[in-house]
J.: 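So that we are looking at the same thing, I have put the structure below in structure tokens.
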2 protein chains.
Amino acid sequence: MARPKRTTKEKLLDAAEKLFARKGFHATSLREITGEAGVDLALVNYHFGGKKPLFAAILERRGAVLNEERLRRLTAVRRAAAPQAVSPEAVIGAFFDPILDFLDHAGPGWHSYFSLLAWVNNSPEWGRRLMSKTFDATVREFIRALMESLPGAAPEDIFWGYNFLTGALTLSLAETGRLDVLSDGLCRSNDVAALRARLGPFVAAGLRGLAQRGARSGQAQS
Amino acid sequence: MARPKRTTKEKLLDAAEKLFARKGFHATSLREITGEAGVDLALVNYHFGGKKPLFAAILERRGAVLNEERLRRLTAVRRAAAPQAVSPEAVIGAFFDPILDFLDHAGPGWHSYFSLLAWVNNSPEWGRRLMSKTFDATVREFIRALMESLPGAAPEDIFWGYNFLTGALTLSLAETGRLDVLSDGLCRSNDVAALRARLGPFVAAGLRGLAQRGARSGQAQS
DNA sequence: ACTAGACTTCAACGGTCGTTCAATACAAGT
DNA sequence: ACTTGTATTGAACGACCGTTGAAGTCTAGT
């Protein structure tokens with residue numbers, strides 16, 4: 001192998017990431033995970049302390065990388081636009097592009113990771129606390145940037161707009177295959193290029209529409 | 001009680017709907033469900049034949065009602081606009097409003113049902129087949145209507161646009177509470193009026209933006 | 001060579017799961 | 001009153017779950 005080696009921890013993280021993404025948390029057993037990873041069952045508890053901590057570790061591993069890259073791009077587009085305010089399209093790009101780039105160029109682990117993120121984002125259980133813990137700081141920074149890029153919009157519209165934005169992203173990353181069925185094969189859920197070409201324009205137009213609606217109905221902030 | 005009675009089947013459907021929506025399929029046991037419903041454990045298998053068929057029955061029960069109401073409104077807006085083509089806003093309204101109206105005026109069961117829908121929509125497992133079986137026919141009708149309302153748009157843009165649309169809806173129905181946290185209480189996930197005021201404008205603007213993008217890049221259909 | 005510590009293996013624990021089945025209760029038809 | 005079919009009960013089944021602990025292996029440091 002080209003790589004020097006893969007530690008037991010990494011093997012477990014990779015296998016669990018893949019299986020959790022495919023079947024969810026409760027439907028995946030530790031025996032499946034350790035079987036896929038080729039290690040002993042007890043090693044999950046030795047290295048991570050249990051099933052839930054393993055899940056948390058998966059979320060954090062690539063979450064930290066994603067946050068860093070997102071913030072890096074956000075400051076980049078801000079500097080490029082200075083001293084003028086950055087455009088909503090640029091902010092949205094800084095938010096989406098790291099995901100799309102990782103899907104394009106990085107390994108298949110990122111694919112599983114984003115499917116997993118889509119799963120936990122809509123999971124009604126404890127997973128959301130992990131979600132907040134990992135991503136809230138970065139997300140708040142992006143919401144702030146969106147407000148700056150759309151100074152006419154009410155804060156409520158930005159918050160709700162972010163909600164819609166992340167919902168559209170989430171369902172796309174889940175790759176449900178629904179799109180393939182409904183379009184009779186014309187579109188494919190895993191077509192990153194097609195997603196890249198449309199997701200940004202869609203949500204940018206949506207946010208601008210929301211901002212206009214707020215201004216038109218005269219409920220803009222004082 | 002005002003209602004004449006509730007059959008065992010209905011008690012089970014209601015209890016399971018509530019618990020599945022809150023914790024997901026695998027994390028909810030039949031013993032919890034029958035306990036909540038106040039009936040014997042074995043009755044699930046007697047009346048429905050198992051846990052999965054129970055889940056399917058939940059999906060179908062209100063799904064049929066929702067489909068009927070959606071199609072009713074779609075034909076209404078089509079007739080109101082005839083002989084001209086219906087606007088995308090009207091199509092989107094016929095798609096969203098039944099959900100929002102049920103949330104407003106119908107019982108709490110609908111609330112659980114839509115949370116459950118959000119859950120199964122992003123569930124990477126067998127649930128999606130049920131989803132397709134229940135909703136695909138109606139959804140195809142709405143996609144056709146969207147194409148008519150945006151004649152300049154490429155079919156691919158409509159399909160992807162529907163994907164984003166339903167993603168935004170799905171995350172909103174899931175009521176993750178994320179919105180409440182991120183906005184420091186300014187917005188509330190369960191504020192149906194706030195959602196109603198923003199979801200339609202957002203996705204309508206997004207779809208129009210997608211259509212313009214397609215036309216601008218010259219890849220519209222011949 | 002020996003020891004200390006990190007890592008791995010193996011077998012088993014108690015608990016909960018979905019499902020089954022024989023026995024019982026109930027309601028309606030005759 | 002008796003029969004028939006539907007509905008309900010209670011107890012139990014085998015399977016699988018996450019977790020644990022004791023024993024074994026491997027790797028450095030001295």
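Treat the numbers as computed from the prediction; the structure is a model and nothing was measured. By convention in this document, chain letters (A, B, ...) are assigned in the order of the sequence lines, proteins followed by strands, and residues within each chain are numbered from 1. Just so it is clear, the values below take in all heavy atoms, side chains as well, and ignore hydrogens, waters and symmetry mates.
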J.: Kindly assign one of parallel, tilted or perpendicular to the pair B:Trp110 and B:Tyr113, based on the angle between their ring planes and the thresholds 30° and 60°.
T.: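 Judged by the thresholds at 30° and 60°, the geometry between B:Trp110 and B:Tyr113 is perpendicular.
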J.: B:Thr28 near the nucleic acid: base, sugar-phosphate alone, or nothing, with a heavy-atom cut-off under 4.0 Å?
T.: sugar-phosphate
J.: Return the value, rounded to whole Å, for the distance between atom CZ of A:Phe55 and atom P of D:dG18.
T.: 14 Å
J.: Is the closest basic N to carboxylate O distance between A:Glu68 and A:Arg72 below 4.0 Å?
T.: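 Result for this pair is no, no salt bridge flagged.
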J.: In whole angstrom, what separates A:Leu30's CG from C:dC13's P?
T.: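 Value for this atom pair: 20 Å.
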J.: How close or far is atom C1' of D:dA7 from atom OH of B:Tyr46, stated in whole angstroms?
T.: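 Interatomic distance, OH of B:Tyr46 to C1' of D:dA7: 5 Å.
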J.: Of the nucleotides C:dT9, D:dG18, C:dG18, which has the atom closest to the A:Ala42 side chain?
T.: C:dT9
J.: Relative to the 5' end of DNA chain C, which residue comes earlier, A:Arg31 or A:Asp40, by the nucleotide with the nearest heavy atom?
T.: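 It is A:Asp40 whose nearest nucleotide is closer to the 5' end.
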J.: What is the nucleic acid contact for B:Thr34, judged by heavy atoms within less than 4.0 Å: base, sugar-phosphate only, or nothing?
T.: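 Contact class for B:Thr34: none.
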J.: How close or far is atom P of C:dG18 from atom CG of B:Leu19, stated in whole angstroms?
T.: 12 Å
J.: Among C:dT19, C:dT9, D:dC17, which nucleotide has an atom closest to any side-chain atom of A:Leu43?
T.: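 Shortest atom-to-atom distance from the side chain points to C:dT9.
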J.: What integer distance in Å separates A:Leu41:CG from D:dG18:P?
T.: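 Rounded to whole Å, this separation is 8 Å.
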J.: Respond yes when some side-chain nitrogen or oxygen of A:Ser29 is under 4.0 Å from OP1 or OP2 of D:dC16, and no when none is.
T.: no
J.: Would you kindly give the CD-to-P distance between B:Glu32 and C:dG15, to the nearest whole Å?
T.: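 Result: 18 Å.
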J.: Tell me the interatomic distance from B:His26, atom NE2, to D:dC16, atom P, rounded to whole angstroms.
T.: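 To the nearest whole Å, that distance equals 15 Å.
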J.: B:Glu36: what forms a side chain to side chain donor-acceptor pair (under 3.5 Å) with it, not counting sequence neighbours?
T.: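 Residues passing side chain to side chain donor-acceptor pair (under 3.5 Å) with B:Glu36: B:Lys18.
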J.: Look at the side-chain N and O atoms of B:Thr8 and state whether any lies under 4.0 Å from the OP1 or OP2 oxygen of D:dT8.
T.: yes
J.: Side chain of A:His47: nearest nucleotide among C:dT19, D:dT19, C:dC7?
T.: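 Between C:dT19, D:dT19, C:dC7, the one nearest the side chain of A:His47 would be C:dC7.
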J.: Once you round it to whole Å, what is the distance between C1' of C:dC7 and NZ of A:Lys11?
T.: 12 Å
J.: Does a side-chain heavy-atom distance below 4.5 Å link A:Ile33 with A:Leu54?
T.: yes
J.: Identify which nucleotide among D:dT20, D:dG10, C:dT19 has an atom closest to any side-chain atom of B:Asn45, counting heavy atoms from C-beta outward.
T.: C:dT19
J.: Going by an N to O cut-off under 4.0 Å, is there a salt bridge joining B:Arg198 and B:Asp191?
T.: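 A salt bridge is absent here (no side-chain N lies under 4.0 Å from a carboxylate O).
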J.: Stems in DNA chain D: runs of 3 or more consecutive Watson-Crick or G-U pairs, distances under 3.5 Å?
T.: C:1-30 with D:1-30
J.: Regarding B:Arg78 and B:Glu141, does a basic nitrogen lie under 4.0 Å from an acidic carboxylate oxygen?
T.: yes
J.: Taking C-beta and beyond as the side chain, do B:Arg178 and B:Ser189 meet within less than 4.5 Å on heavy atoms?
T.: no
